[in-house]
Amino acid sequence: MEDAIKWGPLLVKWKWIVLLASVGVGYLLVKLRLKGMEQDQRSSILDTITHSVWVSIGIWKFSYILFNPMSVLSYPMTLVYFSGGYKGWILAVVSVFIYLLYKAKKQDMTIHLYIILLGLGYGGASALYHGISWVTSYNDRWFHLGEILLSVVFVWWFYRRESVSQAFHGMVWLGLSQIFIHYFKDVHVGMWWGLSRDQLIFLAISLIGFIGAASPRFIRNERGAL
């Protein structure tokens with residue numbers, strides 16, 4: 001497959017087209033999971049999920065200011081070319097969790113539903129993205145195959161109605177399984193404790209899930225989940 005296609009005056013990378021299609025599949029699964037809810041509640045939840053995705057992207061991109069303030073002050077254009085990297089993604093994961101806590105409380109809902117919806121959307125997007133990558137790429141074949149299998153399992157798990165009451169446990173297992181599968185990449189570059197950048201992000205997800213599963217407050221909310 002060619003690396004990019006020409007669209008009018010623009011050169012569009014195939015990677016971005018595949019990512020866009022993957023996000024569309026994830027969004028469709030989330031909508032299907034909410035089928036049967038009242039329209040107003042469904043729209044409110046979808047708006048919150050969409051905003052949380054944009055919030056995470058914004059924090060990841062502009063957290064470069066936080067981690068490299070002098071570079072930005074000296075050369076503001078660096079914001080166009082650089083992002084917060086793996087530290088920015090970890091900050092984004094934590095910030096989105098806090099944002100969802102706030103929105104869930106404001107909407108008088110349980111955060112567990114938001115967690116399983118994000119997990120479902122991620123699983124659907126990941127299954128399509130890695131499926132196409134497995135077919136078209138000659139690198140990381142075992143990694144992509146493992147991601148496909150894990151994504152299918154987690155899509156099934158998060159789609160079940162019973163998964164709402166087990167949301168934080170799902171976060172823990174999602175994070176741990178992703179840490180494991182990333183060892184199958186052809187090139188593994190350890191940064192901290194032998195973990196790669198992506199593995200550190202999933203470690204943060206697992207830790208949030210573990211804290212939520214052990215918190216008395218969330219356990220009480222879990223029993224009253226939708």
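All values reported here derive from a predicted model rather than from experimental measurement.
The shortest heavy-atom contact between R160 and W156 is CG-O, 3.3 Å. Summarising the geometry of G123 relative to S151, their closest heavy-atom pair is O-CB, 3.4 Å, with the distance given to 0.1 Å. Nearest heavy-atom pair, Y159 versus L29, reported as atom, atom and distance to 0.1 Å: CE1-O, 4.1 Å. Across A92 and S56, no two heavy atoms sit closer than the pair CB-O, 3.5 Å. Across L118 and S52, no two heavy atoms sit closer than the pair CD2-OG, 4.0 Å.
With rounding to the nearest 0.5 Å, the separation of CG in L117 from NZ in K31 is 13.0 Å. Interatomic distance, L200 CG to I205 CD1, rounded to the nearest 0.5 Å: 11.5 Å. Atom CG in L113 sits 7.5 Å away from atom CD1 in I49 (nearest 0.5 Å). For the atom pair CG (L149) and OG (S177), the distance works out to 11.5 Å, reported to the nearest 0.5 Å. Annotation: the span from L91 atom CG to I201 atom CD1 amounts to 11.5 Å, rounded to 0.5 Å. The structure places OG1 of T48 at 9.0 Å from NZ of K106, a figure rounded to the nearest 0.5 Å.
When hydrophobic clusters are built by joining Ile, Leu, Val, Met, Phe, Trp and Tyr residues whose side-chain heavy atoms come closer than 4.5 Å, directly or via intermediates, L32 is grouped together with V155. Residues L150 and V153 fall into different hydrophobic clusters, defined by Ile, Leu, Val, Met, Phe, Trp and Tyr side chains chained together at heavy-atom separations under 4.5 Å. By the rule that hydrophobic residues join a cluster once side-chain heavy atoms approach within less than 4.5 Å of another member, L100 and V55 end up as members of one cluster. Note on V96: it clusters hydrophobically with L46, by side-chain heavy-atom contacts below 4.5 Å among ILVMFWY residues.
Residues W173 and F154 are in side-chain contact: their nearest non-hydrogen atoms beyond the backbone lie under 4.5 Å apart. The side-chain heavy atoms of I45 and Q41, taken from C-beta on, include a pair separated by under 4.5 Å. Between V30 and L34, some side-chain heavy-atom pair lies under the 4.5 Å cut-off. Side-chain contact check for E147 versus Y129: every heavy-atom pair is 4.5 Å or farther apart. Side chains of R33 and F158 form no contact here, defined as non-hydrogen atoms less than 4.5 Å apart. Taking 4.5 Å as the limit, every side-chain heavy atom of V53 sits out of range of all side-chain heavy atoms of V23. Put simply, the side chain of Q166 does not reach to within 4.5 Å of the side chain of H112, judged on heavy atoms. Side-chain atoms of K185 and D198, non-hydrogen and from C-beta on, do get closer than 4.5 Å to each other.
Formation of a donor-acceptor pair under 3.5 Å by the S206 side chain with backbone atoms of L176 is found in this model. Side-chain atoms of S126 never come within 3.5 Å of backbone atoms of Y122 as a donor-acceptor pair (strictly under, hydrogens ignored). Remark: the backbone N or O of D40 is not paired with any side-chain donor or acceptor of S44 at under 3.5 angstrom.
Heavy atoms of other residues, nucleotides or ligands lying less than 6.0 angstrom from CZ of F210 number 12 at most.
Between H130 and F143, the angle of the ring planes goes over 60°, which puts this pair in the perpendicular group of the 30/60° scheme.
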**Request:** Verify side-chain contact (heavy atoms from CB on, under 4.5 Å) between F168 and M171, making sure each step is shown before the conclusion.
**Result:** CA-CA 5 Å; F168 284 110; M171 285 184 69; 4.0 Å; yes

**Prompt:** Does the side-chain contact (heavy atoms from CB on, under 4.5 Å) test come out yes or no for I116 and L120, once each step is laid out?
**Reply:** CA-CA 6 Å; I116 65 117; L120 178 62; over 6 Å; no

**Item:** Worked check of side-chain contact (heavy atoms from CB on, under 4.5 Å) between T50 and Y27
**Value:** CA-CA 9 Å; T50 302; Y27 186 77; 4.0 Å; yes

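Under the side-chain contact (heavy atoms from CB on, under 4.5 Å) criterion, W134 pairs with R141, H144, L145, I148, sequence neighbours left out.
Using a 3.5 Å distance cut-off with no hydrogens or angles, the side chains of Q107 and Y114 do pair a donor with an acceptor.
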